[in-house]
Undergrad: 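Can you keep this structure in mind? I'll have questions shortly.
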Amino acid sequence: MVFMGYLFAVTLLWAFSFSLIGVYLAGQVDAWFSVLIRIALATLVFLPFLKFKTTPKPLALKLMLIGAIQLGVMYSFYYHSFLYLSVPEVLLFTVITPIYITLLNDALEKHFNPRFFVIAIIAVCGALAIRYESINSDFLIGLLLVQGANMCFATGQVTYKRLMINTQLDHKNVFGWFFIGALMVATVCYVLFGNTEKLPSTPTQWGVLIYLGIVASGLGYFGWNKGATLVNVGALAAMNNVLIPAGIVVNVLIWNTEADILRLSIGAGIILAALLLNQINTIPSKEKTLPVG
């Protein structure tokens, strides 16, 4: 349980992030700019700890690639999904991430299990049930954007865990490379697609970006990926879904009191049933469980 402390602490931090983005940034501040500022601030947090001369170059390059995928590309999908979906919908649709984590780990271990595709389809049906009366192209785009973000987040977690689980290096002394890789992606995307006419215009928007950059991204991703190296893949997959009820409770109680609780509950029930089915008759194995670090 001590090893899970990192993941639980970050869950509390991230429970507010979804609502802050959905309420104060989505549709108001350019998504590419939000991604760039958030990652840039997180990079600044870890630059003072970075050991440029002592970090092996192959390790630095791999960390940059992981950061580019888990943070840079993931944020590109994630921020734009709020333009098409409500905050509770974005949260619920991230529920499929654990399946991607397990499926990717199986692929890397050369152990394929088609059952996960069936589980994923059931979970997607649960997502569709939430908006069954008004499924349109915007909703489907939003759903696909969230799944793109889920895949990137899952890929980053699994690959970071496999890369760093046996290293003797202090994580904080190399984690800056992770953010540098993400920053490179965010910079290119903003230069190519950013809208300079939709920059933050209020102190609240700037404050939200600063919090998301320094606390949610900087401290959050370090704590989460560090925690990922201390638990097995099954625990990591499960912890990805602890965030969902926490985020929904925060959003509904504080910002979204008019949410359709019944419809959300039906959709969530189908999604959770898919996860329960995923756990039934699952036998721990060497392929599914990496040693605790």
Side-chain angles (χ1 to χ4, degrees), residues 14 17-45 61-87 89-97 100-101 104 127 137-160 175-200 205 208-218 220-222 224-225 240 243 247:
W14 285 351
S17 297
F18 293 89
S19 294
L20 291 174
I21 295 170
V23 174
Y24 298 110
L25 300 179
Q28 304 170 57
V29 177
D30 178 57
W32 300 112
F33 181 80
S34 296
V35 170
L36 176 62
I37 292 300
R38 185 169 177 176
I39 295 176
L41 290 172
T43 304
L44 290 175
V45 171
L61 290 173
K62 290 177 181 178
L63 285 170
M64 289 172 64
L65 180 59
I66 292 172
I69 295 172
Q70 185 181 352
L71 207 56
V73 180
M74 184 276 288
Y75 273 165
S76 299
F77 287 123
Y78 170 65
Y79 267 77
H80 286 85
S81 70
F82 286 94
L83 300 177
Y84 303 96
L85 303 171
S86 68
V87 173
E89 287 171 341
V90 172
L91 275 159
L92 280 175
F93 299 168
T94 64
V95 78
I96 306 173
T97 303
Y100 295 144
I101 289 175
L104 176 59
S137 59
D138 284 352
F139 173 78
L140 294 176
I141 290 172
L143 178 60
L144 291 175
L145 286 171
V146 175
Q147 297 320 304
N150 290 346
M151 291 178 187
C152 292
F153 190 45
T155 299
Q157 292 179 76
V158 173
T159 52
Y160 184 88
F175 204 69
W177 294 109
F178 173 89
F179 286 117
I180 290 173
L183 184 61
M184 293 172 65
V185 173
T187 301
V188 171
C189 288
Y190 179 68
V191 170
L192 293 177
F193 309 114
N195 183 356
T196 56
E197 296 181 358
K198 296 187 67 175
L199 300 181
Q205 291 172 339
V208 168
L209 282 174
I210 291 172
Y211 167 80
L212 292 175
I214 295 176
V215 181
S217 288
Y221 276 93
F222 172 76
W224 188 269
N225 280 12
N240 272 263
L243 174 63

Undergrad: Aromatic rings Tyr221 and Trp14: how do their planes relate, parallel, tilted or perpendicular, breaks at 30° and 60°?
TA: tilted

Undergrad: Would you compute the distance between atom OG1 of Thr187 and atom CG of Leu192 and round it to the nearest 0.5 angstrom?
TA: 10.5 Å

Undergrad: Stepwise, does the side chain to side chain contact (heavy atoms under 4.5 Å, CB included) test hold for Tyr190 with Thr196?
TA: CA-CA 9 Å; Tyr190 179 68; Thr196 56; 3.6 Å; yes

Undergrad: Hey, could you give me the OG1/CH2 distance between Thr43 and Trp177, rounded to the nearest 0.5 Å?
TA: 11.5 Å

Undergrad: Could you tell me whether the side chains of Glu89 and Tyr84 share a donor-acceptor contact shorter than 3.5 Å?
TA: no

Undergrad: Could you give the distance from CZ (Phe82) to OG (Ser34), rounded to the nearest 0.5 Å?
TA: 11.0 Å

Undergrad: Enumerate, atom names and distances included, each donor-acceptor pair closer than 3.5 Å involving a side-chain atom of residues 18-29, sequence neighbours excluded.
TA:
from  : atom 1 : to     : atom 2 : distance (Å)
Ser19 : OG     : Asn251 : ND2    : 3.0
Tyr24 : OH     : Trp255 : NE1    : 3.4
Gln28 : OE1    : Gln205 : NE2    : 3.3
Gln28 : NE2    : Val23  : O      : 2.8

Undergrad: Check Ala154 against Leu104 and note the closest heavy-atom contact, atom names and distance.
TA: O-CD2, 4.1 Å

Undergrad: Using every non-hydrogen atom in the two residues, find where Asn195 and Leu199 come nearest and quote the distance to one decimal.
TA: O-CD2, 4.3 Å

Undergrad: State, yes or no, whether a side-chain contact exists between Pro200 and Leu209 at a heavy-atom distance under 4.5 Å.
TA: yes

Undergrad: Please give me the minimum heavy-atom distance between Leu85 and Leu143, naming the atom from each residue.
TA: CD1-N, 3.9 Å

Undergrad: What distance separates Leu144 CG from Phe77 CZ, expressed to the nearest 0.5 Å?
TA: 9.5 Å

Undergrad: Between Phe93 and Phe139, does the ring centre distance come in under 6.0 Å?
TA: yes

Undergrad: Begin with the C-alpha distance, continue with both residues' side-chain angles, and end with the deciding distance and a verdict on side chain to side chain contact (heavy atoms under 4.5 Å, CB included) for Ile101 and Phe153.
TA: CA-CA 9 Å; Ile101 289 175; Phe153 190 45; over 6 Å; no

Undergrad: Do Leu183 and Leu36 touch side chain to side chain, with heavy atoms closer than 4.5 Å?
TA: yes

Undergrad: List the steps, then state whether side chain to side chain contact (heavy atoms under 4.5 Å, CB included) holds for Tyr78 with Val35.
TA: CA-CA 10 Å; Tyr78 170 65; Val35 170; over 6 Å; no

Undergrad: Are Tyr160 and Phe175 near enough that their ring centres are under 6.0 Å apart?
TA: yes

Undergrad: Only pairs under 3.5 Å count here: list side-chain donor-acceptor contacts from residues 65-75, not counting sequence neighbours, and write none if there are none.
TA:
from  : atom 1 : to     : atom 2 : distance (Å)
Gln70 : OE1    : Asn225 : ND2    : 3.2
Gln70 : NE2    : Asn225 : OD1    : 3.1
Tyr75 : OH     : Arg38  : NE     : 2.8
Tyr75 : OH     : Arg38  : NH2    : 3.0
Tyr75 : OH     : Ser217 : OG     : 2.7

Undergrad: Taking all non-hydrogen atoms of both residues, which atom of Ser76 and which atom of Trp32 are closest, and how far apart?
TA: OG-CZ3, 3.2 Å

Undergrad: Determine the minimum heavy-atom distance between Ser17 and Tyr211, stating which atoms define it.
TA: OG-CE2, 4.4 Å

Undergrad: I need the Ile39 CD1 to Ile180 CD1 distance, nearest 0.5 Å.
TA: 12.5 Å

Undergrad: Supply the atom-to-atom distance Leu83 CG to Ile141 CD1, rounded to the nearest 0.5 angstrom.
TA: 10.5 Å

